[in-house]
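Each chain gets a letter, A, B and so on, in the order its sequence line appears, and its residues count up from 1.
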Amino acid sequence: MKLVTAIIKTFKLDEVREALTALGIEGMTVAECKGYGRQKGQTEIYRGAEYVVNFLPKLKIELAVDDDRVDQVIETISQVARTGKIGDGKIFVLGLETAVRIRTGETGSDAL
Amino acid sequence: MKLVTAIIKTFKLDEVREALTALGIEGMTVAECKGYGRQKGQTEIYRGAEYVVNFLPKLKIELAVDDDRVDQVIETISQVARTGKIGDGKIFVLGLETAVRIRTGETGSDAL
Amino acid sequence: MKLVTAIIKTFKLDEVREALTALGIEGMTVAECKGYGRQKGQTEIYRGAEYVVNFLPKLKIELAVDDDRVDQVIETISQVARTGKIGDGKIFVLGLETAVRIRTGETGSDAL
Amino acid sequence: MNHLLRKATGASLALGLPALLMGNAAWAQDASPAESAAEAAAEALGAAADVVAETAQAVAAVATEPSLSAGDTAWMLTSSVLVLMMLVPGIALFYAGMVRKKNVLSVLMQSVFGAGILSVLWVAVGYSIAFSEGNPFFGGLSKAMLAGIGPETLSGTIPEYVFVMFQMTFAIITPVIILGGPADRMKFSAAMVFLSFWLVLVYAPIAHMVWGPGGYLGGDGVLDFAGGTVVHINSGVAALVASIMIGKRSGYGVENMAPHNLSLTMVGASLLWVGWFGFNAGSALSAGASAGVSMINTHVATAAAIVSWSLAEWMVRGKPSLLGAASGAIAGLVVITPACGFVTVSGALIMGLIVGPVCFWAVSGLKAALGYDDALDVWGVHGIGGILGAILTGVFAVAAIGGEGKSGLIDGNPGQLILQVEGVLLTLVWSGVISAVLLKVIDMTIGLRVSKEVETDGLDFALHGERIHD
Amino acid sequence: MNHLLRKATGASLALGLPALLMGNAAWAQDASPAESAAEAAAEALGAAADVVAETAQAVAAVATEPSLSAGDTAWMLTSSVLVLMMLVPGIALFYAGMVRKKNVLSVLMQSVFGAGILSVLWVAVGYSIAFSEGNPFFGGLSKAMLAGIGPETLSGTIPEYVFVMFQMTFAIITPVIILGGPADRMKFSAAMVFLSFWLVLVYAPIAHMVWGPGGYLGGDGVLDFAGGTVVHINSGVAALVASIMIGKRSGYGVENMAPHNLSLTMVGASLLWVGWFGFNAGSALSAGASAGVSMINTHVATAAAIVSWSLAEWMVRGKPSLLGAASGAIAGLVVITPACGFVTVSGALIMGLIVGPVCFWAVSGLKAALGYDDALDVWGVHGIGGILGAILTGVFAVAAIGGEGKSGLIDGNPGQLILQVEGVLLTLVWSGVISAVLLKVIDMTIGLRVSKEVETDGLDFALHGERIHD
Amino acid sequence: MNHLLRKATGASLALGLPALLMGNAAWAQDASPAESAAEAAAEALGAAADVVAETAQAVAAVATEPSLSAGDTAWMLTSSVLVLMMLVPGIALFYAGMVRKKNVLSVLMQSVFGAGILSVLWVAVGYSIAFSEGNPFFGGLSKAMLAGIGPETLSGTIPEYVFVMFQMTFAIITPVIILGGPADRMKFSAAMVFLSFWLVLVYAPIAHMVWGPGGYLGGDGVLDFAGGTVVHINSGVAALVASIMIGKRSGYGVENMAPHNLSLTMVGASLLWVGWFGFNAGSALSAGASAGVSMINTHVATAAAIVSWSLAEWMVRGKPSLLGAASGAIAGLVVITPACGFVTVSGALIMGLIVGPVCFWAVSGLKAALGYDDALDVWGVHGIGGILGAILTGVFAVAAIGGEGKSGLIDGNPGQLILQVEGVLLTLVWSGVISAVLLKVIDMTIGLRVSKEVETDGLDFALHGERIHD
Ligand SMILES: Nc1ncnc2c1ncn2[C@@H]1O[C@H](COP(=O)(O)OP(=O)(O)O)[C@@H](O)[C@H]1O
Ligand SMILES: Nc1ncnc2c1ncn2[C@@H]1O[C@H](COP(=O)(O)OP(=O)(O)O)[C@@H](O)[C@H]1O
Ligand SMILES: Nc1ncnc2c1ncn2[C@@H]1O[C@H](COP(=O)(O)OP(=O)(O)O)[C@@H](O)[C@H]1O
């Protein structure tokens, strides 16, 4: 099993969720985050003062998936979340040693 | 060392924290997140319009623990966080290569 | 590649970001979180009632870096984020199997 | 004052009139040059007499039936608006800031829907029960649906419609105050049914007893300028009863129930303060000396209570808190409500200084000792503060401010204290008993309390299908 | 009125004095004592009679030529303040709570800057077009820049400056109401240009037709006490046109566009409610019987509409929502606006009960059926509610409340209904057509709508360079 | 005034009565009918003449000794309420929205507790120092604790208690304005001690100089209708001094100190705007022509300044911001404050158009150039705007609006400009010097500034033990 983590633009969430659901992915966890990268920050001005906001709002999606679905998932996310403009985000894949469904205690693939 | 990540229902946090403290776990990090899974979303209605909120509020707990405590920790969380109703959440375990305590620079188990 | 995760005090973010940029690190992702550890919680009092806030505000920084930069990154963060007072936070390092840049589809080191 | 003067004028004219007429009659006899001159004079006088007579009648009419004062009406229209602002959004925000975020909208909804349903009931029957003739405890139904009132009907120097409106704002905020006690766990339906019956069976009768024609307490001489008894003791004890009967919030004393956003509470408290001038100075029912003294007393007591609560907290807890200062403001406003038109500015200052520490103790020491879960401290602030106010009114009232017969202990009338206690006790018993019965009946029928699950999830989504998405 | 009376009294006394003294002087000469005395008396009395007659005239004059009333002025100053509060922060918050968080500041900015630019235009030309003599559709420019008005100039019993100010608050809130329709996607520049022209070409003329000297609709006898036609139908139809012409929000019906924070909406609705008393009871232009009846009617209709909307929603959707109750309040306020000075309290109650379910259907059933994206339901609430109010005014108006000639269907004057419909139709056409033309021209020049990217990112940062950092 | 007139009338009738009766008695005896009749008539008329003379005197007295006006009182009660709303929650929210989230509650607490302690001090000594007889710089202590004032004591046509209350609202908001300068880093205790002494040593004397009996500046003829000097220059310079003496916020210019939530700031600015009508039009102290012109001028200048600030920002920075528009509103309100009862509507419009860009430059260009950290720009808006207002009052005042002798440059009185500059300079020096001394003493005793740690953690928790949990 792998834990696929994707940092995406906030307005792409619904599209990504739908595409993943279409693949049969039944669960995911999302958190708000702020990203710093090549995409330039934005400057806000309040009265005289300028504040450069270096961190831009992003969403982080975490999905635990079976090994054999990882490529498909990466492919899907990277297609759906792509706008082609800088700041589209990243996908990171980590090895997942165990997964447990709290409600039932099931582990491994059954837990997903 | 492992990084145990648990997605739980929000109101279970205090119970889980207490149970873990009882085990001697001295630290953890919590973040708000939203989960999508078998638990159905909720429909809010504003004037005429219905909005299905697919993502439900959850909390994500991250704990770095020594290998030998992982099972105990999983066991504890999955018992305490369980309500038996759908949406109780998941536990994921990742391999943790290094841990550092910033204050002292200690690494490994000492850092936890 | 590794995924370096650092839990730091909130007011250290800008310093850490600048130090990492100085190292040539071009991207990172930050999320708000709350930490529980040796640092004691704070007691708020409202009219008669006391509420102990066990979880203190922290920030979590996630950086995907090439293996050869990990030590340097750990070193930098732990120096810059250190105040010497309890609650400075932790750095965790996880193995990162793949990284993808959504915009281009690049993978591996190129994606960072 | 004006109308008394007018009465005097009318009287003098009325007396002068026969004399003039008699004089004319005398002249009318007898002929001679002087005579015709006299006749002319007589005619002129006769004409003048007619004018005077007419004027006299008009003036006499004025004396017994006061006329509309635009100035008084302007102030009472304004006061009504101010008191409405105390409810929406005043107390709604004051309370909303103190609950957990998941219950904010439900608290706001109680105020908005409550204002709606209670206003309708006030027009339908409440006003009549409170302010029409009846027995010493209940008015009649002769003014149900405002029967017999028209645009030109006056109440003192203002249109009666304005009086109805002003009193309506009191009648709709008072029940909603209660809901701070059982907050975070009461069914919306149960709450609305409870408030509706409470308005009719508790608020309107107590208002009748204190302010209504032939009311029991008012007749006895109990002093309550703007509603310390009618509004604050009344709602405070009902909240205490409701808190106890519905039981504690689940997780009380264990879970973190810290107020989610005291900015809202501060805004609410501010609007309560601002609006309370309509409440207190409006209770003078005119824009004159009494309104002036009520306003400054209200302000001074509030200011003093902010200072005294905050200092007490600073000493006991080490830090002065915003919630403390805001609570102090409300405590000061509550304590001065029955007294504002009867006491000197120094009296108001002292009352404010006293109420701060007393209510601070009530919401911390007393509450902790007795262990009830009055979520937003309605009893501690409105109940205890209201009782203190009623009694201190009996101490500090002086005739130099409130007029003949409005004297308290320091003005040589210790008997007033006993009257004040009588008012307090009757209200505690009446409101306490009827509230308990009502709550029991509602509990046995539709149920008072939401399920544990709803309480955990939050009332906003569960009861109203809405959430704050921030 | 008071001081004219006093002037008259003063004059009569001053005139009477020489006559009396002359009488005394005559005596001093002695000749034929009785005679001259009698003559003198006669003269004196004659003079006195003259004085009395003059006084009577002066008093009569008072009736026809009103003077400044401090009481009325106090209320109108207050009313102006209240109506301003409806715009900033009232409707600004009402709207801000319903949009997505990324667009909150842009909504607030529309109200603040709108209030600025529209006020300037009102003083420059708007007031003159609306309230100076002209033809039945437009006033003239004789009062442009308030020419000819000074501190002492009266309008009825209040300074004309106060009247200008009071009317200004109506003129600046009405255009801003429109922006709820095309909210979340309209360019700030386009919005401000549109509102500016709309004020001059739509609002001011319609105000002239209804309330101005020689206005077409007012002359015909259309009843609109406080602006049901001028304000609500007028802005409602413009919002519908704007919503359709600008197109739906991107993601409409697919993305989650739930109101981000209904607390703000509740506070906004509350301040609208509170401020609306300035709007409606202020429209009496004095602090008397008419203001009193307008105020209580406004409150009762609002209360009834809160209850009826909430109950309708409870039955249809299973839960009564805060947004529903708040929307009900606004619907009630809208429906009673044209009627508040003309109907009985029972009439107001019925109107409120009717408008709740009707507007609830308009924002859910009707809107869904027709498929336009009127983001904040301006048409559904102000448009439909306003039309209903105009028509029901023609039903429920009774002369016993509004005075001679203000009768509707239930008072035996079915013809009023036709007049009311005439007012509705003329407003729908005038506002609809001119709004459409204006929007078309703006679209072809500076463009109406922000880019998709700006819409996605949010208007706050893109248009104003600011964000909420919470 | 009414009741004095009535008293006079009543007296004349009462006196006339015996005369007439005596006349009757004489007739009854018969002797020489004509003669005695004439004599009697003469006597009666003589008596009547006396009566008339007395009445004339009474009427004349009325002119010099005004009586209570319910209309004026209604407006002044309302105005007091409005000005209080400017402080709680007005300026509290205006400021709270601009600080970082961790300091929000501390800002709100400063307003609430400040309102409390300053009100107590005002009643104790402040009012007396400002408004009782004394020397040209300080009043005496004869009215300490409001000695000698009772419910019936008048100040003009309103109860003196109402005047005390109205002035109290000015006295408590002015010091709190200062705290925007050293915001986010000043100790709560130090701030409250500073404000307390500042009220007594700076505010009350300057108020005495401008408005008090025999005040130095007022006596010289300096024009300040509603407090441009007393309130805005006064607090502005104190804020500048405090900002400099306390030092910059740690991280100033490096860390992101963006306003956390401009919605709050917008609501605060709106309530300031709304409440400012009480401030400015209330300063007419009556509900008549002067209040009317003050109100419309206040509104027009504000509107113009919103437009001009926003356009300046749009041109210079590329985007018009909500904070800019809100700041423009405050700048407009500040600039018109000294002038509102003295200038024409066009004058007000021009003043508003000028102040926008000037203050925009002050908070951006000037501030950046000089490098002080006036956190919320009190000097830039209240200080600079106030000075501009004082001087422009000397330009635009015309006797046709403000009355005899209230003329500025454009009305042919260039000398007024010098007087205005005198007022500005005296205030700058007095407030600047005393503020500096006070701050120095406080710094050396309890300390002005929180520790770096507290500043980092946020003042809410560190000083008040509370947090916003959102
Ligand atoms: N090395 C990294 N580690 C973690 N997150 C990163 C890293 N680089 C980029 N990110 C995240 O990806 C987002 C997009 O990256 P950016 O460089 O701006 O654009 P792009 O991915 O299109 O090249 C950033 O906002 C940040 O959240
Ligand atoms: N594959 C997954 N990857 C990551 N998180 C998941 C996954 N499946 C479920 N979750 C998380 O677990 C939560 C509970 O899952 P759900 O399927 O609703 O119920 P249950 O765990 O009881 O079967 C979800 O809300 C989501 O946060
Ligand atoms: N075992 C752990 N797993 C995950 N996070 C931890 C763990 N221990 C500590 N933390 C995080 O590190 C933060 C600091 O830890 P703490 O024990 O308070 O201080 P220190 O790191 O200085 O010893 C905590 O607030 C928490 O967020």
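- For the atom pair CG (L146(F)) and CH2 (W122(F)), the distance works out to 10.0 Å, reported to the nearest 0.5 Å.
- Within the 4.5 Å cutoff, the side chain of I172(F) has heavy atoms near those of the L84(F) side chain.
- The stretch residues 341-349 of chain D places V345(D), S346(D), L349(D) near chain F, each with some heavy atom under 4.5 Å from a heavy atom of that chain.
- Of the two parts of A124(F), neither the backbone nor the side chain holds a non-hydrogen atom closer than 4.5 Å to a non-hydrogen atom of chain D.
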Full working for side chain to side chain contact (heavy atoms under 4.5 Å, CB included) between I149(F) and Y127(F):
CA-CA 12 Å; I149(F) 307 175; Y127(F) 178 72; 3.9 Å; yes
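- Listed by sequence position, G71(D), D72(D), A74(D), W75(D), T78(D), L82(D) are the residues of residues 71-83 of chain D in contact with chain F, using a 4.5 angstrom heavy-atom cutoff.
- L272(D) is listed as a side-chain neighbour of M86(D), based on a closest heavy-atom distance under 4.5 Å.
- For the atom pair CE (M98(F)) and CG (L262(F)), the distance works out to 8.0 Å, reported to the nearest 0.5 Å.
- Heavy-atom pairs under 4.5 Å with chain D peak, among L264(F), L108(F), V123(F), at L108(F).
- For chain F, the nearby parts of A291(D) are the backbone and the side chain; heavy atoms of each come within less than 4.5 Å.
- Interface check for chain D: of the options M145(F), Q110(F), M168(F), the most heavy-atom pairs under 4.5 Å are formed by M168(F).
- Per-residue heavy-atom pair counts under 4.5 Å with chain F were compared for G288(D), P320(D), G292(D), S263(D), and the maximum is reached by P320(D).
- Comparing V162(F), V120(F), D470(F) by heavy-atom pairs within less than 4.5 Å of chain D, the highest count is held by D470(F).
- Distance CD1/I158(D) to CG/L68(D): 8.5 Å, rounded to 0.5 Å.
- Counting heavy atoms from C-beta outward, K101(D) and H469(F) have side chains that stay 4.5 Å or more apart.
- Put simply, the side chain of Y161(F) does not reach to within 4.5 Å of the side chain of M295(D), judged on heavy atoms.
- Residue A325(D) touches chain F through both its backbone and its side chain, counting heavy-atom pairs closer than 4.5 Å.
- Contact annotation for F188(F): only side-chain heavy atoms (C-beta onward) come within less than 4.5 Å of a heavy atom of chain D.
- Both the backbone and the side chain of P89(F) come within less than 4.5 Å of a heavy atom of chain D.
- Around atom NZ of K102(D), more than 12 heavy atoms belonging to other residues, nucleotides or ligands sit under 6.0 Å away.
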With a 3.5 Å cut-off and sequence neighbours excluded, list the donor-acceptor pairs that the side chains of residues 302-312 of chain D form with protein atoms.
| unit_1 | atom_1 | unit_2 | atom_2 | d |
| --- | --- | --- | --- | --- |
| T302(D) | OG1 | T298(D) | O | 2.6 |
| S308(D) | OG | A304(D) | O | 3.3 |
| S308(D) | OG | A305(D) | O | 3.4 |
| S308(D) | OG | G352(D) | O | 3.3 |
| S308(D) | OG | L353(D) | O | 3.1 |
| S310(D) | OG | I306(D) | O | 2.8 |

Name every donor-acceptor pair, under 3.5 Å, that has one atom in a side chain of residues 111-119 of chain F and the other anywhere in the protein, sequence neighbours excluded.
| unit_1 | atom_1 | unit_2 | atom_2 | d |
| --- | --- | --- | --- | --- |
| S119(F) | OG | H299(D) | NE2 | 2.8 |
| S119(F) | OG | A115(F) | O | 2.6 |

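- Between M85(D) and L271(D), some side-chain heavy-atom pair lies under the 4.5 Å cut-off.
- Scanning both residues, F94(F) and T265(F), for their nearest heavy atoms gives O-OG1, 3.1 Å.
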